[in-house]
> 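Mind having a look at this structure? Questions to follow.
Along the sequence shown, the residues carry numbers beginning at 1.
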Amino acid sequence: MTLKVNKINTIEEYLVKNEYDYAYFFIDAKNGVLSIVSNYGSMGYRWEAPGNNFKKFLVELNTDYLMNKLGKKAFNLDGTIKNMKNWIISSRREEKCTKEEARYVWDYVIDEIQQYNIQDEGFFWGIINSNLEHIVKVDEDYFEGIEVDSEWSDYDKYFMNHIWKAFVEQLKQELNEKQTE
């Protein structure tokens, strides 16, 4: 297999910086590519059909949608435990388990999860799987019933609310200047 290499001369580079933060934004408007290298991580995505004006497309992006393309939300232990408790309550209401079966998972499995202060979805499912004989008594379809909660980290929120916002303001300014020409 032979790989073809093309030099691309359509890249625009932006730097958002203050004394603590930096973020390089690389835009290939022709090909719908956004790459970011920053002290918040390296991220990138290519949109297949962003329309005729890629910068306008970026300006109008919903930040949650953007971050879903660029990164992954962090595991939220408190939200996951809340969801797990709701799952147990729902299973009891639907009479999928006895009061004792539900109580065991509520008291012992959830306590084990909290005791380890889990910060990782994989570790969470490991504890669930190690208690599988009790979990399936509450609901055989536990994998569909237990919803893992996740949220953006403080770093991600800061990136969206400050770094991305500054970058978008620069793009808006360029778009406005282009319209007045």
Side-chain angles (χ1 to χ4, degrees), residues 1-84 86-87 117-129 141-181:
M1 167 173 41
T2 304
L3 296 173
K4 185 177 177 184
V5 177
N6 293 323
K7 183 176 180 180
I8 300 174
N9 294 320
T10 58
I11 308 295
E12 290 183 68
E13 177 183 351
Y14 297 83
L15 173 62
V16 175
K17 186 176 188 284
N18 64 22
E19 69 179 293
Y20 305 108
D21 305 306
Y22 72 87
Y24 289 92
F25 291 84
F26 303 94
I27 294 178
D28 179 352
K30 180 180 175 187
N31 295 300
V33 176
L34 171 67
S35 296
I36 304 166
V37 177
S38 74
N39 57 331
Y40 292 91
S42 297
M43 308 166 256
Y45 194 77
R46 178 176 182 263
W47 284 268
E48 291 292 326
N52 294 333
N53 189 328
F54 188 59
K55 289 181 183 179
K56 185 174 186 281
F57 171 80
L58 292 175
V59 164
E60 294 173 352
L61 276 180
N62 171 289
T63 53
D64 202 50
Y65 167 81
L66 171 72
M67 290 305 291
N68 279 316
K69 296 298 184 189
L70 298 178
K72 184 179 177 189
K73 291 182 177 180
F75 177 78
N76 179 355
L77 177 62
D78 293 336
T80 300
I81 288 173
K82 180 181 175 186
N83 290 345
M84 198 168 169
N86 288 335
W87 165 74
N117 192 27
I118 296 171
Q119 301 300 314
D120 176 80
E121 184 177 342
F123 193 25
F124 168 79
W125 285 111
I127 290 177
I128 295 297
N129 288 333
D141 296 323
Y142 70 94
F143 200 70
E144 294 173 11
I146 299 174
E147 293 182 37
V148 172
D149 190 51
S150 58
E151 63 184 5
W152 295 114
S153 71
D154 290 339
Y155 288 111
D156 293 329
K157 290 174 188 174
Y158 183 86
F159 179 85
M160 288 186 283
N161 293 328
H162 300 283
I163 307 292
W164 178 256
K165 188 175 180 179
F167 172 64
V168 165
E169 288 304 316
Q170 174 61 36
L171 294 182
K172 284 180 182 177
Q173 183 180 340
E174 288 180 24
L175 292 168
N176 287 336
E177 288 171 5
K178 194 172 185 177
Q179 284 182 343
T180 58
E181 290 178 353

> Looking only at non-hydrogen atoms, find the nearest pair between N53 and K56 and report the distance.
OD1-N, 3.1 Å

> With a 4.0 Å cut-off on N to O distance, would you call R46 and E48 a salt bridge?
yes

> Could you list the donor-acceptor pairs under 3.5 angstrom formed between side-chain atoms of residues 64-73 and any protein atom two or more places apart in sequence or on another chain?
| unit_1 | atom_1 | unit_2 | atom_2 | d |
| --- | --- | --- | --- | --- |
| D64 | OD1 | W152 | NE1 | 2.5 |
| Y65 | OH | W47 | NE1 | 3.0 |
| N68 | ND2 | D64 | O | 3.0 |

> Where do F75 and D120 come nearest, in terms of heavy atoms and distance?
CD2-N, 3.7 Å

> How many angstroms lie between CZ in F159 and CZ in F167, if you round to the nearest 0.5 Å?
9.0 Å

> Can you tell me if T80 uses its side chain to pair, donor with acceptor, with the backbone of D149 under 3.5 Å?
yes

> Report yes or no: do Y40 and D21 form a side-chain donor-acceptor pair below 3.5 Å?
yes

> Could you check if a side-chain atom of E12 sits within less than 4.5 angstrom of a side-chain atom of K55, using non-hydrogen atoms only?
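With C-beta onward as the side chain, the pair touches.
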
> Verify the neighbour count for atom NZ of K17: are there more than 12 heavy atoms of other residues, nucleotides or ligands below 6.0 Å?
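Atom NZ in K17 is not packed in, count stays at 12 or less.
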
> Quick one: does N76's side chain have a donor or acceptor within less than 3.5 Å of a partner on E151's backbone?
no

> Taking all atoms of both residues into account, what is the closest heavy-atom pair of L77 and I118, and its distance?
CB-O, 3.5 Å

> What pairs with K30 under side chain to side chain donor-acceptor pair (under 3.5 Å), at least two apart in sequence or on another chain?
none

> Within the supplied structure, the quantity of interest is the number of heavy atoms (other residues, nucleotides, ligands) at a distance under 6.0 Å from Y24 OH; does it exceed 12?
no

> Please report the closest heavy-atom contact between V59 and L171, naming both atoms and the distance.
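For V59 versus L171, the nearest heavy atoms are CG2-CB, 3.6 Å.
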
> To the nearest 0.5 Å, what is the distance between OG1 on T10 and CG on D28?
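Between atom OG1 of T10 and atom CG of D28 there are 3.5 Å.
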
> Please report the closest heavy-atom contact between I146 and F124, naming both atoms and the distance.
CG2-CZ, 3.8 Å

> Could you tell me the separation between the CZ atom of F26 and the CD atom of E13, rounded to the nearest 0.5 Å?
4.5 Å

> Would you check if there is a donor-acceptor pair between the side chains of E174 and Q170 at a distance under 3.5 Å?
yes

> So which heavy atom on L34 is nearest to which on F25, and how close?
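For L34 versus F25, the nearest heavy atoms are CD1-CD2, 4.2 Å.
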
